[in-house]
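See below for the structure under consideration.
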Amino acid sequence: MSGLKKSDKCNIRIGKIEDGEEILHIQSTVIAEDEYLITVSEEFNNTLDQQREWIQKLLENEKENLIVAEIDGEVVGWIVFQSKNKKRLSHTGSFGMMISKNFRGLGIGKMLLNELIGWAENNSLIEKISLGVFSTNHSAISLYKSMGFVEEGRKIKEFKMDENEYIDDILMYKLV
């Protein structure tokens, strides 16, 4: 499917503390899929209070952002941009994105990324958006390239999936 059905209206907006429970649910279910994330289920034990505290810190920092996608009032995906707290890295940051399994392939990731890029382009403090992606996550890599991201490096065998399986971490960026 190339986009949302006409009957579905996807609202893209800034996240808020009240979204904490839905964001936490998406995060825990995506991590449980055990496919394209560094964190494994047994390592993820954030509480709702911790999630809300994290969201509050993001909202208070002008160099960070949390954007959510909602359909019929339900948060179905989110993207977060976080910046380093070092002077020489203050112009850059990286993002992570998660979308509920039932809502993938509908263009929501592209909508979230478009919103993030627009925000960064209008934020005089941000000059570079970065990300790392599993080399096996072909759909994500395709999306990032279509949005103007370029591969700038690769960490070989960065992720050890099991005894004999390794996956590279592809580092990508976009200047804004």
Side-chain angles (χ1 to χ4, degrees), residues 1-39 41 43-85 92-126 128-134 137 139-144 146-149 172-174 176:
M1 191 179 290
S2 62
L4 291 169
K5 295 178 294 191
K6 290 187 190 265
S7 60
D8 296 330
K9 177 152 176 32
C10 185
N11 181 35
I12 305 294
R13 62 169 173 78
I14 299 298
K16 45 190 183 188
I17 293 170
E18 295 79 23
D19 298 322
E21 189 170 356
E22 291 175 294
I23 289 170
L24 182 62
H25 175 72
I26 292 169
Q27 194 169 7
S28 61
T29 57
V30 171
I31 289 170
E33 292 174 28
D34 196 30
E35 194 168 4
Y36 297 123
L37 298 173
I38 300 167
T39 304
S41 290
E43 296 171 331
F44 185 74
N45 52 19
N46 285 16
T47 66
L48 182 54
D49 286 340
Q50 289 170 321
Q51 200 77 359
R52 288 178 175 152
E53 184 178 314
W54 173 69
I55 293 169
Q56 182 66 42
K57 287 180 181 177
L58 289 168
L59 297 175
E60 292 171 353
N61 188 333
E62 62 187 336
K63 294 186 306 181
E64 297 186 323
N65 203 350
L66 173 66
I67 302 167
V68 301
E70 66 180 3
I71 295 177
D72 295 329
E74 174 191 353
V75 175
V76 298
W78 53 273
I79 190 168
V80 62
F81 182 84
Q82 295 180 284
S83 185
K84 301 289 185 197
N85 217 5
T92 187
S94 61
F95 75 87
M97 178 168 43
M98 293 190 179
I99 299 170
S100 294
K101 191 171 191 167
N102 293 343
F103 293 92
R104 293 183 197 148
L106 302 175
I108 294 171
K110 187 171 188 171
M111 287 187 263
L112 287 167
L113 195 48
N114 261 328
E115 190 72 18
L116 177 69
I117 291 167
W119 167 81
E121 288 173 340
N122 290 304
N123 185 325
S124 62
L125 303 173
I126 305 300
K128 180 181 177 184
I129 303 172
S130 300
L131 68 109
V133 60
F134 277 40
N137 194 344
S139 60
I141 294 166
S142 177
L143 170 64
Y144 302 145
S146 77
M147 304 289 291
F149 285 82
M172 301 181 82
Y173 78 97
K174 178 179 179 77
V176 293

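This chain uses plain numbering: 1 for the first residue, then up along the sequence.
Other residues, nucleotides and ligands place no more than 12 heavy atoms under 6.0 Å from the CD atom of Glu21. A 6.0 Å sphere centred on CD of Glu62 holds no more than 12 heavy atoms belonging to other residues, nucleotides or ligands.
The two residues Leu112 and Ala69 make their nearest non-hydrogen contact at CD2-N, 3.8 Å. Nearest heavy atom pair, residue Lys174 against residue Met147, reads NZ-O, 3.1 Å. The nearest pair of heavy atoms linking Trp54 to Gln82 is NE1-NE2, 3.2 Å. The heavy-atom pair separating Ile129 from Ala120 by the smallest distance is CD1-CB, 3.7 Å. Taking all atoms of both residues into account, the shortest heavy-atom contact from Asp19 to Ile55 is C-CD1, 4.5 Å. Counting all heavy atoms, side chain and backbone alike, Thr92 lies closest to Ser130 at OG1-OG, 3.7 Å.
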Item to check | Glu35/Arg104 under salt bridge (Lys or Arg N to Asp or Glu O under 4.0 Å): CA gap, chis, key distance, verdict | outcome: CA-CA 14 Å; Glu35 194 168 4; Arg104 293 183 197 148; 5.8 Å; no

Item to check | Worked verdict on Phe95 versus Ile67 for side-chain contact (heavy atoms from CB on, under 4.5 Å) | outcome: CA-CA 11 Å; Phe95 75 87; Ile67 302 167; over 6 Å; no

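With rounding to the nearest 0.5 angstrom, the CD1 atom of Ile79 is 5.0 Å from the CG atom of Leu113. Atom CD1 of Ile108 sits about 6.5 Å away from atom CZ of Phe103, to the nearest 0.5 Å. To the nearest 0.5 angstrom, Ile26 atom CD1 is 9.5 Å from Met98 atom CE. The CD1 atom of Ile23 sits 10.5 Å away from the CD atom of Glu18 when rounded to the nearest 0.5 Å. The structure places CE of Met172 at 14.0 Å from OG of Ser94, a figure rounded to the nearest 0.5 Å. In this structure, OG1 in Thr39 is found 7.5 Å from CD in Gln27, a value given to the nearest 0.5 Å.
At a threshold of 4.5 Å between non-hydrogen side-chain atoms, the residues Arg13 and Val75 count as touching. Within the 4.5 Å cutoff, no side-chain heavy atoms of Val68 are placed close to those of Ile12. At a threshold of 4.5 Å between non-hydrogen side-chain atoms, the residues Glu22 and Glu70 do not count as touching. Taking 4.5 Å as the limit, some side-chain heavy atom of Ile126 sits within range of a side-chain heavy atom of Trp119. Taking 4.5 Å as the limit, every side-chain heavy atom of Phe81 sits out of range of all side-chain heavy atoms of Leu58. Looking at Ser28 and Ile31, their side chains never come closer than 4.5 Å, going by heavy atoms from C-beta outward. Looking only at side-chain heavy atoms (C-beta outward), Leu106 and Val76 stay at 4.5 Å or farther from each other. Two residues are said to be in side-chain contact when any heavy atoms from C-beta on lie closer than 4.5 Å; Val176 and Asn123 fail this criterion.
Between the side chain of Ser142 and the backbone N or O of Ser139, no donor-acceptor pair lies under 3.5 Å. Judged by distance alone, with hydrogens and angles left aside, the side-chain atoms of Asn122 form a donor-acceptor pair with the main-chain N or O of Gly118 at under 3.5 Å. At least one donor-acceptor pair under 3.5 Å links the side chain of Thr47 to the backbone N or O of Gln50.
Screening Glu60, Arg52, Glu53 against Gln56 for a side chain to side chain donor-acceptor pair (under 3.5 Å) leaves a single residue, Glu60.
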